[in-house]
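Each ligand, and each atom within it, is numbered from 1 in the order the structure gives. Values in this document were obtained by computation on a predicted structure and should not be read as measured data. Atoms considered below: every heavy atom in the structure, side chains included; atoms not considered: hydrogens, waters and symmetry mates.
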Amino acid sequence: MLIHNISQLLTLNGGPQRGKDLGRLGIIEQGAVLMRGDTIVAVGPQDELITKYPDEQRMDANGKVMLPGFVDPHTHLVWAGDRAVEFEMRLEGRTYLEILAAGGGIISTVKATRQCEYDDLYAQTRARARTMLRYGTTTAEAKTGYGLELKSELDQLKILLDLDDEGPLEIIPTFLPAHAIAPEYQTDPDGYTRLICEKMLPAAYEWWLKHETGRPLPFVDVFCETGAFSLEQSRCILTRARDLGFPLKIHADEFDNLGGAQLAAELGAASADHLVKTSSEDIAALAASDTVAVALPCTPFGLAETHYTPAKEILDAGGLLALATDCNPGTAWCENMQFVIALACRVLKLTPAQAIAAATINSAAAIQRDDRIGSIEPGKQADMILLTVNDYRHLGYRFGENLVNMVIKKGRMIPIV
Ligand SMILES: [Zn+2]
């Protein structure tokens with residue numbers, strides 16, 4: 001299939017974009033893409049490709065913009081219920097940490113998720129995966145973390161793998177029993193940390209070997225934060241995970257700076273995420289590493305807070321910056337990367353081009369899949385979106401409306417509008 005008459009073909013070629021390099025879209029005006037099966041075969045000006053491949057079946061893009069499908073590298077997709085009541089409480093003046101201390105927050109979702117039957121939980125998660133796809137996300141990382149005990153955590157991992165098998169949204173799983181201190185261990189966080197290190201991580205490793213069909217190991221993540229896991233506990237969990245062979249991620253500096261960002265750089269984590277209360281030293285450590293800094297602007301927005309990730313400083317220091325939704329029921333129920341881009345342009349002061357690169361090739365790097373997705377280049381997986389507009393800057397400029405006309409996932413065309 002040769003897709004032609006693309007007004008702006010945003011290839012995002014050339015790999016992840018560090019520091020001030022961010023925003024190289026690799027635009028081909030009047031471009032075309034040839035794909036066969038699930039793979040991109042050729043990319044270039046349409047005149048060239050039509051001459052070279054005269055017998056290919058064609059699709060007219062009608063002068064619209066095409067870019068790589070969005071890669072959302074931080075989501076908590078699998079949960080049951082909602083926290084609308086808590087949202088109202090927060091608006092009435094209670095803080096997130098106060099709600100957490102009162103037994104609300106994550107723990108209320110843990111209770112709902114533990115009680116939810118597999119089929120029901122699958123259906124609730126699947127609905128969100130469908131919404132993501134509709135808004136142009138073709139690959140999403142998704143975390144467990146609303147079980148906080150082995151069986152429930154592994155059930156959530158199973159749901160993520162089953163959803164990925166079903167498609168079309170591709171799911172990259174993360175094992176996150178260290179999302180919060182389990183309710184049974186509220187007075188003994190060290191005990192829960194030991195349980196994770198000594199029982200849950202080795203059991204997840206065994207489970208994976210038994211159940212898997214050739215996928216790489218999932219990520220292991222930890223919520224390094226006041227009221228969750230201390231720096232020492234986080235180090236313990238991530239070191240154990242690394243020794244078992246799991247690639248790493250971390251939630252760091254969302255509310256307090258405990259040193260999680262530097263720990264991520266030190267341990268070679270794929271990404272450090274949130275990074276709101278991040279210091280200049282932390283930023284320098286990240287910039288000197290291959291750990292991707294993932295900004296989640298929907299979270300402070302969802303909490304009606306005023307502090308956001310210092311994206312400019314990260315770029316000035318030469319860091320790798322990516323964007324994600326953080327889709328979760330407590331602070332940011334948002335499946336839509338277009339909204340993240342619009343928000344990033346305003347609160348992180350990114351240009352549309354920078355935000356697009358941070359939501360495609362750099363977010364693919366944040367889940368260590370930039371060799372296969374995140375750009376439109378020969379040999380890569382055919383994951384692309386066609387917009388309803390003819391200038392890419394409408395992404396960022398406009399918000400609240402879906403600008404995706406068609407999603408192409410592994411070469412399969414899915415009309416949206
Ligand atoms: Zn998160």
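Judged by the 6.0 Å distance and 45° axis criteria, Arg83 is not positioned over the aromatic ring of Trp333.
Side-chain contact check for Ser271 and Lys249: at least one donor-acceptor pair (N or O, by modelled atom type) lies under 3.5 Å. If you check the side chains of Asp190 and Gln233, you find a donor sitting under 3.5 Å from an acceptor.
Within the coordination shell of the Zn ion (ligand 1), defined by N, O or S atoms under 2.8 Å, His74 is present. Taking backbone and side chain together, His76 holds an N, O or S atom under 2.8 Å from the Zn ion (ligand 1).
The atom of Asp326 nearest to the Zn ion (ligand 1) is OD1, with the search restricted to N, O or S atoms.
Ring planes of His74 and His274: perpendicular class, angle over 60° (limits at 30 and 60°).
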